[in-house]
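Along the sequence shown, residues are numbered consecutively beginning with 1. In listed order, ligands and their atoms are each counted from 1.
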Amino acid sequence: MTFNIITIFPDIFYSYFKESIIKRALKNGLIKINIHNLRDWTEDSHKTVDDKPYGGGIGMVLKVEPIYKTVQFLKKERQKSKNKIQGQARYGAGKKTKVILFTPRGKKFNQRMAYQFSQLDQLIFICGRYEGVDERVAKHIADVELSIGDYVLMGGELPAMIIVEAVARLIPGVLGKPSLLKERISKEKGFIEFQQYTRPEIFSPKKRVKWRVPKVLLSGDHKKIEEWRRKHKKIIASRS
Ligand code: ADE
């Protein structure tokens with residue numbers, strides 16, 4: 001799976017992707033993340049990525065041309081590349097691809113979409129900024145407009161990181177034990193969240209207050225533990 005992220009703030013991403021599970025997944029070649037600075041796809045000396053809105057209004061709007069050029073490059077890279085295998089591996093182009101534009105008015109992201117995206121070969125993220133993005137990007141370039149919730153952020157960079165994380169952890173081998181992930185997929189094809197506890201058995205935050213681990217989990221009776229877990233599970237999202 002290759003994530004191609006188009007942004008005018010590439011630096012936002014580097015420290016986050018340098019950590020923990022994402023870092024290991026990158027190192028092991030299970031995922032690839034390429035950050036593309038939109039300014040590299042401008043032609044003027046000022047590297048202009050935005051302009052005033054037609055018809056007036058406050059703020060600036062991200063221009064369509066540099067976004068179009070970046071997405072076209074990513075889609076065509078495989079064919080254009082002299083070394084086809086290398087080009088394909090680096091950009092994941094020419095395979096199952098979705099172009100996603102982040103916007104608060106988009107379809108709300110959920111676990112089901114994370115599963116669908118994890119089956120693709122390439123995701124291209126367009127991170128909007130400022131007051132908006134030229135509408136032609138939504139109309140002609142993006143396959144999906146995606147929101148991570150009913151609130152307005154300053155741009156699509158945080159949503160992009162969220163989707164990378166939600167999708168990457170579903171890719172076989174990214175989490176330590178794939179079997180653990182399988183266990184959590186219920187018969188109804190939903191995704192289960194179990195209640196989890198660890199030591200100490202009794203935690204006393206203050207005098208006469210005791211927070212206990214449910215006894216059944218300490219019993220060693222696997223059948224009973226399974227029953228208890230099933231009874232207390234929560235379905236996060238349906239897969240189909
Ligand atoms: N850009 C600004 N707010 C957003 C949101 N809630 N989801 C996705 N992209 C956004």
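- Protein heavy atom at the shortest distance from atom 6 (N) of ligand 1 is Y151 O, 2.8 Å.
- Atom 9 (N) of ligand 1 has as its closest protein heavy atom T103 N, 3.2 Å.
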Next item on the list: Report the C-alpha distance between T7 and E157 in whole Å, list the side-chain angles of each, state the deciding distance to 0.1 Å, and finish with yes or no for side-chain hydrogen bond (donor to acceptor under 3.5 Å, both in side chains).
Entry: CA-CA 7 Å; T7 173; E157 283 74 11; 2.6 Å; yes
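- A distance below 6.0 Å separates the ring centres of F73 and W41.
- For ligand 1, the atoms lying closer than 4.0 Å to a non-hydrogen atom of F102 are 9 (N).
- Heavy atoms of G155 come nearer than 4.0 angstrom to ligand 1 in at least one pair.
- A distance of 9.0 Å separates CZ in F109 from CD1 in I162, rounded to the nearest 0.5 Å.
- Here the protein heavy atom with the shortest distance to atom 8 (C) of ligand 1 is L146 O, 3.5 Å.
- Contacts of S147 with ligand 1, taken as heavy-atom pairs under 4.0 Å, involve both backbone and side chain.
- At least one N or O atom of G149, backbone or side chain, sits closer than 3.5 Å to an N or O atom of ligand 1.
- For the atom pair I33 CD1 and F125 CZ, the distance stands at 9.0 Å (nearest 0.5 Å).
- At a 4.0 Å heavy-atom cut-off, ligand 1 does not touch D150 at all.
- Distances from atom 2 (C) of ligand 1 to the heavy atoms of L153, I148, L101 show the closest one on L153.
- To the nearest 0.5 Å, atom OG1 of residue T42 and atom CG of residue N37 are 8.5 Å apart.
- Taken to the nearest 0.5 Å, the NZ atom of K108 stands 11.0 Å off from the CG atom of L146.
- The one candidate from L101, I126, V49, V99 that meets the side-chain contact (heavy atoms from CB on, under 4.5 Å) condition with I67 is I126.
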